[in-house]
Amino acid sequence: MLEAARKFFAARNVLEVETPILGISAVSDPNIDSIHALLQADGGRHRYLHTSPEYRMKRLLCAGYPDIYSICKVFRDGEAGKRHQPEFTMAEWYRKGYGLDDMIRESCDFVTQLLESQWLPRVAVSMSYREAFIRHAGIDPWHADCSALAEAARADSRLRSAMGDDRDDWLDLVMSSRIGPALDKDRLTVIYHYPAQQAALARINPDDSSVADRFELFLGDIELANGYVELLDPDIQWRRWQTDQERRRRKARPLVPLDEALIGALRSGMPPCAGVAVGFDRLLMINEQCEDIARIQTFAFERSQST
């Protein structure tokens with residue numbers, strides 16, 4: 001599968017790059033926790049293992065690199081289960097001049113090339129985020145409040161109390177509990193135009209400010225890819241990170257040092273482009289028809305043994 005992935009990019013003249021996995025900053029996403037280390041070579045200061053090569057790959061684009069890809073190990077704390085491991089393999093790439101439709105098409109082509117054909121007997125289907133909620137959860141995500149979303153998620157009083165009034169958390173719960181399980185298990189599903197407040201590093205759609213030019217790719221309820229047309233404005237990106245930090249503060253999660261080097265690179269100019277990240281281990285899970293990610297990793301996460 002690694003060989004097939006590299007052939008896919010070589011045929012499209014996309015350059016393979018390698019970036020550092022250890023850095024002084026961390027991702028601000030309130031739903032992702034970085035793994036940190038104390039670096040004695042730097043006076044015991046904190047360093048962070050990357051959760052994605054995204055930030056440094058974008059700095060390469062700003063420095064004049066052509067279309068690029070990376071297949072590398074990434075690390076996320078608090079993620080251990082049948083579909084999550086603290087260490088896993090990610091394929092990520094960036095294409096200059098691509099729009100949302102271009103990136104969706106190429107992402108589907110990549111996944112289709114790597115998956116064995118018997119697992120994809122039907123052609124891919126696309127629907128907007130709003131359409132997915134209306135069709136599979138019976139609710140309009142643009143207008144539903146937290147109470148309505150809790151009802152759609154079939155949340156009991158205990159869960160309602162634990163979740164609070166963070167609307168994005170409720171949207172994510174409806175997505176995972178109602179929409180994902182309703183998606184076809186024998187073809188790829190693309191869900192696009194996520195709400196603007198969930199743009200992450202994506203640009204806002206120029207024709208509709210309520211949505212971001214972001215998509216996710218699923219096979220059944222298995223999320224395989226997350227991609228978008230990239231945000232180019234450093235000031236907007238910095239404000240988004242500050243909003244992330246505020247959400248982390250409200251959730252009592254640790255604040256993280258932000259990547260000022262990426263902001264500086266964006267100020268120098270990044271070409272219009274789109275990018276996507278694909279969970280490589282999950283593709284192997286599908287090919288092996290395996291329900292537990294640990295079983296397809298040569299050395300899965302080793303838990304500490306109690307004495």
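The basis for the numbers below is simple: all heavy atoms, side chains too, and nothing from hydrogens, waters or symmetry mates.
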With sequence neighbours left out, the residues meeting side chain to side chain donor-acceptor pair (under 3.5 Å) with Arg267 are Asp235

May I ask you to say whether Arg56 pairs ionically with Glu54, meaning some side-chain N is under 4.0 Å from a carboxylate O? no

Could you state whether Leu201 and Leu266 fall into the same hydrophobic cluster, counting links through intermediate Ile, Leu, Val, Met, Phe, Trp or Tyr residues with side-chain heavy atoms under 4.5 angstrom apart? yes

Which residues pass the salt bridge (charged side-chain N to carboxylate O under 4.0 Å, His left out) test with Glu288, sequence neighbours left out? none

What pairs meet the ring pair (Phe, Tyr, Trp, His ring centres under 6.0 Å) rule with one or both residues in residues 193-217, with sequence neighbours excluded? Tyr129-Tyr194

Any side-chain heavy atom of Cys108 sitting closer than 4.5 Å to one from Leu217? yes

Checking Gln245 against Ser28: is there a side-chain donor and acceptor pair closer than 3.5 Å? no

Hey, is Arg248 close enough to Asp29 for a salt bridge, meaning N to O under 4.0 Å? no

Provide the full list of ring pair (Phe, Tyr, Trp, His ring centres under 6.0 Å) pairs with a residue in residues 241-286, sequence neighbours left out, each pair given once. Tyr55-Trp241

I need the minimum non-hydrogen distance between Arg282 and Leu224, along with the two atoms involved. CB-CD2, 4.0 Å

Give the cluster check for Val111 versus Met285: same hydrophobic cluster or not, with ILVMFWY residues linked at side-chain heavy-atom distances below 4.5 Å. yes

Determine whether Asp168 and Asn31 make a side-chain contact, defined as any pair of heavy atoms from C-beta on separated by less than 4.5 Å. no

Check the pair Arg187 / Asp184 against salt bridge (Lys or Arg N to Asp or Glu O under 4.0 Å), numbers first and verdict last. CA-CA 6 Å; Arg187 65 176 172 182; Asp184 292 322; 2.7 Å; yes

With the threshold set at 4.0 Å, does a side-chain nitrogen-carboxylate oxygen contact exist between Arg122 and Asp186? yes

May I ask you to list the residues sharing a hydrophobic cluster with Phe299, side-chain cutoff 4.5 Å, ordered by chain and number? none

Common cluster, Leu120/Val276, ILVMFWY with side-chain heavy-atom separation under 4.5 Å: yes

Evaluate Arg6 against Glu3 for salt bridge (Lys or Arg N to Asp or Glu O under 4.0 Å), listing each step before the verdict. CA-CA 5 Å; Arg6 289 189 164 94; Glu3 182 180 8; over 6 Å; no

Quick test of your reading of the model: are Asp292 and Arg295 salt-bridged, counting only N-O distances below 4.0 Å? no

Do the side chains of Val190 and Met127 get nearer than 4.5 Å, heavy atoms only? no

Side-chain donor-acceptor distances from residues 254-262 under 3.5 Å, at least two apart:
| from | atom 1 | to | atom 2 | distance (Å) |
| --- | --- | --- | --- | --- |
| Asp259 | OD1 | Ala261 | N | 3.1 |
| Asp259 | OD1 | Leu262 | N | 3.1 |

Salt-bridged, Asp102 to Arg105, with N to O below 4.0 Å? yes

Do you see a donor-acceptor pair shorter than 3.5 Å between the side chains of Asp281 and Gln85? no

Partner set under salt bridge (charged side-chain N to carboxylate O under 4.0 Å, His left out) for Arg178, not counting sequence neighbours: none

Is the shortest distance from a Lys or Arg side-chain nitrogen in Arg203 or Glu230 to a carboxylate oxygen in the other one below 4.0 Å? no

Kindly say whether Leu173 contributes a backbone atom to a donor-acceptor pair with the side chain of Ser176 at under 3.5 angstrom? yes

Lys/Arg-Asp/Glu bridge criterion (N-O < 4.0 Å) met for Arg76, Asp33: no

Validation row: Val278, Phe110 side chains within 4.5 angstrom (heavy atoms): yes

Would you find a donor on one side and an acceptor on the other, under 3.5 Å apart, between the side chain of Asn205 and the backbone of Asp213? no

Provide the full list of ring pair (Phe, Tyr, Trp, His ring centres under 6.0 Å) pairs with a residue in residues 19-38, sequence neighbours left out, each pair given once. His36-His46

Donor-acceptor pair, Arg240 side chain versus Ala200 backbone, under 3.5 Å? yes

Pair up each side-chain donor or acceptor in residues 63-71 with any protein partner under 3.5 Å, not counting sequence neighbours, and list the distances.
| from | atom 1 | to | atom 2 | distance (Å) |
| --- | --- | --- | --- | --- |
| Asp67 | OD1 | Lys96 | N | 2.8 |
| Asp67 | OD2 | Arg95 | NH1 | 2.8 |
| Tyr69 | OH | Glu16 | OE1 | 3.1 |

Note: Arg83-Asp221 ion pair, threshold 4.0 Å (strictly below): yes

Are Tyr192 and Ile104 side-chain neighbours, meaning at least one heavy-atom pair lies under 4.5 Å? yes

Ser107 side chain vs Met103 backbone, donor-acceptor pair below 3.5 Å: yes

Mind checking side-chain contact (heavy atoms from CB on, under 4.5 Å) for Ala155 and listing every partner two or more places apart, or none if nothing turns up? Ala150, Leu159, Arg160, Trp170

Applying side-chain contact (heavy atoms from CB on, under 4.5 Å), can you list everything that pairs with Ser210, at least two apart in sequence or on another chain? Trp142, Asp208

Applying a strict under-4.5 Å side-chain criterion to I, L, V, M, F, W and Y, I'd like to know whether Met163 and Ile139 cluster together. yes

Linking directly or through intermediates, with side-chain heavy atoms under 4.5 Å: list the remaining ILVMFWY members grouped with Val123, chain and number order. none

Can you find a heavy atom in the side chain of Ile179 that is under 4.5 Å from one in the side chain of Ile191? yes

